[in-house]
Amino acid sequence: MKRFAFRLFLMTAILSWMSACELVDVTEDDPQKPMLVVTPLQIDFVPGSSSNTITIQSNVAWEIELEEGLETDWTKGYPGKSTVKVTAAPEGESMLRVISVPEDLEEEPIVCEVKVIYDGSTDPEPEPEPMPQELIYYDNLDGGTPPSNNSWIDTWTGFINATGSGAANVEYFGWSFQSRTTYPSRDYAGASGANAFYSNAPGAYVGVRNIVIPSGASTFKLSFGSLGDTNKGSFTANEDIVLNISDENGLTRQVNYRRSSSTQQWALCEVVFTITGELPQSLALQFNASAKNIRIDDIRLETSSETPDCEISFGGSSGENTYPWAELPETVTPNQNYKYITHYATTVRSNQTVRNYVSCYDVSRHNPMWVAHIHHSCYYEGGWSRSTPDPWRPDPELSESEQSIIYPYDWDNWYSGISGWPTDSKYYWSATNFSYPTRADGSDLTITKGHMLKSADRGGDGAEINIQTFYPTNISPELYLHTNTWEIVENALSDRWTCSDTTYVVTGCYYGDDEYELIDASSWGSPTDGKSKTCIMPVARYRVILKTRPGNTGKPVAECSADELISIGFWFPQAFNGQKVYEENDKSQWIFSVADIEKKIGGEFSFFPTVPEEVKQQRNLSDWGL
């Protein structure tokens, strides 16, 4: 019975082999007859593919006969199971034959033919091996316990607990965000509890930069925990927190994420994104909060092989996605006396190279026409501190004859030692053809040196970014009675109008008919011998401002629609009569549209030339909280 079962099994196996190679001829009476099975009997040849193989099963030796143009990695074999790879094939149809080598020379060999078909197509790009998932950056923000429940992240960095391959040199930045232990994270996978970021005001933002990404990696998964405004009771993804991702050059893209719940409670936010085009070396993440009481925790960035939710591009060396500077005015009427000077500086803490300001300087009037300056949180890293003593000095981009001498001649030796005051005290302007006006109390209102770009808007005692604001190219003579109006505009710029998007400002001078003459290098009419020259005093100063309406779009101005932008203008005449320029409560006197300011200066310059004209026509005071 057992012998019958074995013989039945053997016959079944042989019949199976025969279905693969019909030339096998085995009978029940002669089970030891040579056997040869080859599978498959047809190969659709693809250069470089692992599918170009045949399997040979035999109880005798075998050899392969090849038609011209066919090549295999083996041409002879022995009893057992073998795999043979076809390594080359001619275009069209060809044949290889596997032939048994019988021990008895009188015995007929078994021949199995394998058809090879090749359509001549080129070798497809080999599929890249999937990149193993790599943790690039993760911070649970639990590096230490906040010393108080209102530990601002720009003054206390003990929360930092960053890990990952790209986290060695990360830096944190933000405005109106704190590290807090109240309402610790929970209810999502990986919730770390303990510390979390807390938004203290609408428009608050927090971010981390200098996250170095692996070379060649282009697809990433970003996740973070979020808790909504406790007063709202729900969370709207991509509105309550807006996610922006930037490259090392500051080009920014808004990225939409998924959230595991729409409730106000803690939940996980995730997005898988692919960077197309030229890959950056590092990334920055920024989270903009729409309200107070929003919390963020467990920020994680890793490589991913998942299907991306979106694609972003930062452009390449060809200049894709680059735009003109939005704050740079266009000169409608060219003037050979205008010189355009751009000053760059380094931010106080993050050491970013940024443009400090651009000045259009009139070398015949020896005073500026306008100064264009941008505003963002990075410019306030030095706080409000002013260099001590005031670092008056010439602009190195101009000669002495081109600029007002409103700096001491011994400025270099004096300031480097910072000991007392300079021996040269004649570094002011003096009026030559008009009298100083008198205040209501009978005292004289003297001509002072007024910053176009406020020194405190580039704070940092002894820092280059602050020192450059004391160049003559950023200073104009003024007779203001600073009665709230100009101060309202100056203070609101830093307190309320600087946001996570960039704010663009131009502060300018209007000269009228050049009737008010001054001399520089003087003090109370006493000039420095042989050094003074005539300078013209403007009859008014103006300021125009452009920003995005929400303040957190993460988009360049050129990519914003008209309804996403707001602008406004301000006009301040000099107080030549010694009276108040304006009353604070009569805003119609000193607030205008940008288009109105262009008309007041005679159309010589076009401000924010890249935005739609309808934006420059705006005068909606509620947009600005006025």
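Values in this document were obtained by computation on a predicted structure and should not be read as measured data. This chain uses plain numbering: 1 for the first residue, then up along the sequence.
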Pair Leu283, Ile275 - check side chain to side chain contact (heavy atoms under 4.5 Å, CB included), show working. CA-CA 11 Å; Leu283 295 177; Ile275 301 176; 4.1 Å; yes

For Tyr380 versus Ser494, what's the shortest heavy-atom pair and its separation? OH-CB, 3.4 Å

Using a 3.5 Å distance criterion without hydrogens, assess whether the side chain of Ser387 forms a donor-acceptor pair with backbone atoms of Asp390. no

Within the side chain of Asn552, is there an N or O that forms a donor-acceptor pair under 3.5 Å with the backbone of Ala289? no

Verify the neighbour count for atom OH of Tyr183: are there more than 12 heavy atoms of other residues, nucleotides or ligands below 6.0 Å? no

Classify the ring geometry between Trp392 and Phe470 as parallel (under 30°), tilted (30 to 60°) or perpendicular (over 60°). perpendicular

State whether the side chain of Asn356 and the backbone N or O of Ile465 hold a donor-acceptor pair below 3.5 Å, judged by distance alone. yes

Please work out whether the ring planes of Tyr172 and Tyr137 are parallel, tilted or perpendicular, with thresholds of 30° and 60°. tilted

Heavy-atom closest pair (Val371 atom, Ser359 atom, distance to 0.1 Å) is CG2-OG, 4.1 Å

Ring geometry between Trp590 and Phe572 (parallel below 30°, tilted from 30 to 60°, perpendicular above 60°): tilted

Quick one: closest heavy-atom pair of Ser593 and Gln617, and the distance? CB-O, 3.6 Å

Under 4.5 Å between any side-chain heavy atoms of Thr507 and Leu453, yes or no? no

Is the closest side-chain donor-acceptor distance between Glu134 and Ser165 under 3.5 Å? yes

Should Lys616 and Ser606 be marked as a side chain to side chain donor-acceptor pair (under 3.5 Å) after you check the CA-CA gap, both sets of side-chain angles, and the distance that decides it? CA-CA 10 Å; Lys616 299 201 292 186; Ser606 173; 3.2 Å; yes

Any chance CZ of Arg258 has more than 12 other-residue heavy atoms, nucleotides or ligands included, within less than 6.0 Å? yes

On a heavy-atom basis, the closest approach of Gln468 and Ala345 is OE1-CB, 3.7 Å

Do Ser282 and Ile211 have side-chain heavy atoms sitting under 4.5 Å apart? no

Evaluation steps, side chain to side chain donor-acceptor pair (under 3.5 Å), between Asp298 and Ser192: CA-CA 7 Å; Asp298 299 311; Ser192 60; 2.6 Å; yes

Side chains of Thr219 and Thr274: is there a donor and an acceptor less than 3.5 Å apart? yes

May I ask you to decide if the ring planes of Phe173 and Tyr205 are parallel, tilted or perpendicular, using 30° and 60° as cut-offs? tilted

What I'd like to find out is whether the side chain of His373 reaches to under 4.5 Å of the side chain of Val505, using heavy atoms alone. yes

Side-chain contact, heavy-atom cut-off 4.5 Å: Ile566 with Lys547? yes

Flag the pair Ile597 / Phe570 as yes when at least one side-chain heavy-atom distance between them is below 4.5 Å, and no otherwise. no

Distance alone, cut at 3.5 Å: any donor-acceptor contact between the side chains of Glu302 and Gln133? yes

Does the side chain of Asn161 come under 3.5 Å of the side chain of Asn140 through a donor N or O and an acceptor N or O? yes

Between the main-chain N or O of Pro550 and the side-chain N or O of Thr553, is there a donor-acceptor pair closer than 3.5 Å? no

For Asn256, look at atom CG and say whether over 12 heavy atoms of other residues, nucleotides or ligands are found less than 6.0 Å away. yes

Determine, step by step, whether Arg355 and Trp325 satisfy the side chain to side chain contact (heavy atoms under 4.5 Å, CB included) criterion, reporting the C-alpha distance in whole Å, the side-chain angles of both residues, the deciding distance to 0.1 Å, and the verdict. CA-CA 10 Å; Arg355 58 185 187 271; Trp325 295 349; 3.5 Å; yes

Flag side-chain contact, heavy atom, 4.5 Å: Leu328 against Trp370: yes

So that I can tick it off, tell me whether Asp563 and Arg549 are bridged by a salt bridge, with the cut-off set at under 4.0 angstrom between side-chain N and carboxylate O. no

I'd like to know if the side chain of Thr342 and the backbone of Tyr340 have a donor-acceptor N/O pair within less than 3.5 Å. no

Given Thr473, Ile475, Thr469, the one that forms side-chain contact (heavy atoms from CB on, under 4.5 Å) with Tyr471: Thr473

Would you sort out whether Ile241 and Ile294 count as a side chain to side chain contact (heavy atoms under 4.5 Å, CB included), showing the intermediate values? CA-CA 8 Å; Ile241 295 176; Ile294 289 175; 3.6 Å; yes

Does CD in Gln281 sit with more than 12 non-hydrogen atoms of other residues, nucleotides or ligands closer than 6.0 Å? no

Hey, are the side chains of Pro368 and Ser476 touching, using non-hydrogen atoms and a 4.5 Å cut-off? yes

Phe197 ring center near Phe287 ring center (under 6.0 Å): no

Do any N or O atoms from the side chain of Thr498 and from the backbone of Thr503 form a donor-acceptor pair under 3.5 angstrom? no

4.5 Å side-chain heavy-atom contact, Leu493 and His375: yes

Does Phe605 offer a backbone N or O that forms a donor-acceptor pair with the side chain of Thr331 under 3.5 Å? no

To the nearest 0.5 Å, what is the distance between CZ (Arg180) and CG (Asp297)? 14.5 Å

Between Tyr542 and Phe607, does the ring centre distance come in under 6.0 Å? yes

Write down the atom of Lys587, the atom of Leu626, and the distance for their closest heavy-atom approach. CE-C, 3.6 Å

Measuring from Glu598:CD to Glu613:CD, what's the distance to the nearest 0.5 Å? 6.5 Å

Leu285 vs Leu222, test: side chain to side chain contact (heavy atoms under 4.5 Å, CB included). Steps then yes/no. CA-CA 10 Å; Leu285 312 174; Leu222 173 65; 3.7 Å; yes

Starting at CE of Met452, measure out to CG of Asn474 and round the result to the nearest 0.5 Å. 7.0 Å

What is the minimum heavy-atom distance between Asp142 and Asn195, and which atoms define it? OD1-N, 2.9 Å

Take the angle between the ring planes of Trp624 and Trp497 and call it parallel below 30°, perpendicular above 60°, tilted in between. perpendicular

Gap between atom CD1 of Ile374 and atom CG of Asp501 - 0.5 Å precision: 12.0 Å

Can a cation-pi geometry be assigned to Arg295 and Tyr198, taking NZ or CZ under 6.0 Å from the six-membered ring centre and within 45° of the ring axis? no

Can you tell me how far NZ of Lys221 sits from CZ of Arg300, rounded to the nearest 0.5 angstrom? 9.5 Å

Roughly how far, to the nearest 0.5 Å, is the OG atom of Ser260 from the CG atom of Asp187? 9.5 Å

Say whether, by atom type as modelled, one donor and one acceptor occur between the side chain of Arg253 and the main chain of Ser313 under 3.5 angstrom. yes

Using modelled atom types and a 3.5 Å cut-off, is there a donor and acceptor pairing between side-chain atoms of Glu559 and backbone atoms of Pro556? no

Any salt bridge linking Lys232 with Asp240? Criterion: basic side-chain nitrogen under 4.0 Å from a carboxylate oxygen. yes

Under 3.5 Å, is there a donor-acceptor pair between the side chain of Arg259 and the main chain of Phe235? no

